[in-house]
Amino acid sequence: QVQLVESGGGSVQAGGSLRLSCAASRSTYSNYCMGWFRQAPGKEREGVATIRIGRDTTFYADSVKGRFTISQDNAKNTLYLQMNSLKPEDTAMYYCAASGLRYTRTCPLGLDVYNYWGQGTQVTVSS
């Protein structure tokens, strides 16, 4: 079991930046997956970015590639999402998640890999 707590959300204008943080209650083991997901009102939750712990292998949704960067600090048990050049369509509740099993390939954006979820942090981007 691992508890995840997100922070860093807020309201920004288009073109601005935010950095989200996700604090884990314990260290995440090597080759487990962690990721950031988002859900806009009336839409399904979607994967944004993932990282394979210990390998730093990352994967991004096409919609955020080149603008968002996922990273981890194992010493602090914290996952980050640096979001630059934000657009109004990035407005959503952002969640971090962790897998319950090790993964041997690039961590997917599919939700079914992830067993542990935080409560979310709201990001609002105005035009």
Inset, instruction - Show your reasoning for whether side-chain contact (heavy atoms from CB on, under 4.5 Å) applies to T58 and Y60. - result: CA-CA 7 Å; T58 59; Y60 296 92; 3.6 Å; yes

Inset, instruction - Under the side-chain contact (heavy atoms from CB on, under 4.5 Å) rule, what do I51 and Y80 come out as? Steps first, then yes or no, please. - result: CA-CA 10 Å; I51 188 166; Y80 300 101; over 6 Å; no

Inset, instruction - Step by step, work out the side-chain contact (heavy atoms from CB on, under 4.5 Å) result for T106 and R52. - result: CA-CA 7 Å; T106 301; R52 191 166 153 214; over 6 Å; no

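Distance check: C96 SG to L81 CG gives 10.5 Å after rounding to the nearest 0.5 Å. Rounding to the nearest 0.5 Å gives a distance of 7.5 Å between OG of S11 and CD of Q122. Residue C33 holds its SG atom at 12.0 Å from CZ of R55, rounded to the nearest 0.5 Å. To the nearest 0.5 Å, atom OG of residue S17 and atom CD of residue Q82 are 6.0 Å apart. Put simply, CD on E89 and NZ on K43 are 8.5 Å apart, with the number rounded to the nearest 0.5 Å.
Linking Ile, Leu, Val, Met, Phe, Trp and Tyr whenever their side-chain heavy atoms come within less than 4.5 Å puts F68 and V123 in one cluster. V113 and V2 fall into different hydrophobic clusters, where Ile, Leu, Val, Met, Phe, Trp and Tyr side chains are chained together by heavy-atom contacts under 4.5 Å. Both Y116 and V48 sit in one connected hydrophobic cluster of ILVMFWY residues. Membership requires side-chain heavy atoms under 4.5 Å apart, directly or through other members.
With sequence neighbours excluded, the residues that form a side-chain contact (heavy atoms from CB on, under 4.5 Å) with E46 are R38. With sequence neighbours excluded, no residue forms a side chain to side chain donor-acceptor pair (under 3.5 Å) with R19. Under the ring-ring contact (aromatic ring centres under 6.0 Å, His included) criterion, Y32 pairs with Y29, sequence neighbours left out. Annotation: side-chain contact (heavy atoms from CB on, under 4.5 Å) contacts of R105 (sequence neighbours excluded): Y103. Under the rule for a ring-ring contact (aromatic ring centres under 6.0 Å, His included), Y94 has no partner lying at least two apart in sequence or in another chain. For D73, there are no salt bridge (Lys or Arg N to Asp or Glu O under 4.0 Å) partners at least two apart in sequence or on another chain.
Within the 4.5 Å cutoff, no side-chain heavy atoms of Q13 are placed close to those of V125. Inter-residue side-chain proximity for R45 and W117 is flagged as met; some heavy-atom pair is nearer than 4.5 Å. Proximity of L111 to F37: side-chain heavy atoms (C-beta onward) are separated by under 4.5 Å at one or more points. Between L20 and T121, the closest side-chain pair of non-hydrogen atoms falls below 4.5 Å. No side-chain heavy atom of T78 sits under 4.5 Å from any side-chain heavy atom of Q72. Residues Q119 and V5 are not in side-chain contact: their nearest non-hydrogen atoms beyond the backbone lie 4.5 Å or more apart. The side-chain heavy atoms of T50 and L109, taken from C-beta on, include a pair separated by under 4.5 Å.
Here the shortest heavy-atom pairing between I70 and W36 reads CD1-CD1, 3.7 Å. Considering every non-hydrogen atom in both A98 and L4, the closest pair reads N-CD1, 3.8 Å. Among all heavy-atom pairs drawn from S126 and P88, the shortest one is C-CG, 4.5 Å. Residues G35 and Y114 approach most closely at N-CE2, 4.2 Å, considering heavy atoms. Residues C22 and M34 approach most closely at SG-CE, 4.4 Å, considering heavy atoms. Taking every heavy atom of both residues into account, S71 and L79 meet most closely at O-CD1, 3.3 Å.
A donor-acceptor contact shorter than 3.5 Å links the side chain of R26 to the backbone of Q1. Remark: side-chain polar atoms of Q3 are not paired, donor with acceptor, to backbone N or O of S25 under 3.5 angstrom.
Remark: K65 NZ is packed, more than 12 non-hydrogen atoms of other residues, nucleotides or ligands lying under 6.0 Å away. Heavy-atom contacts from other residues, nucleotides or ligands closer than 6.0 Å to CD of Q39 number more than 12.
Side-chain contact check for S27 and N77: no donor-acceptor pair (N or O, by modelled atom type) lies under 3.5 Å.
Applying the side-chain contact (heavy atoms from CB on, under 4.5 Å) test between L86 and each of T91, V64, L18 identifies L18 as the sole match.
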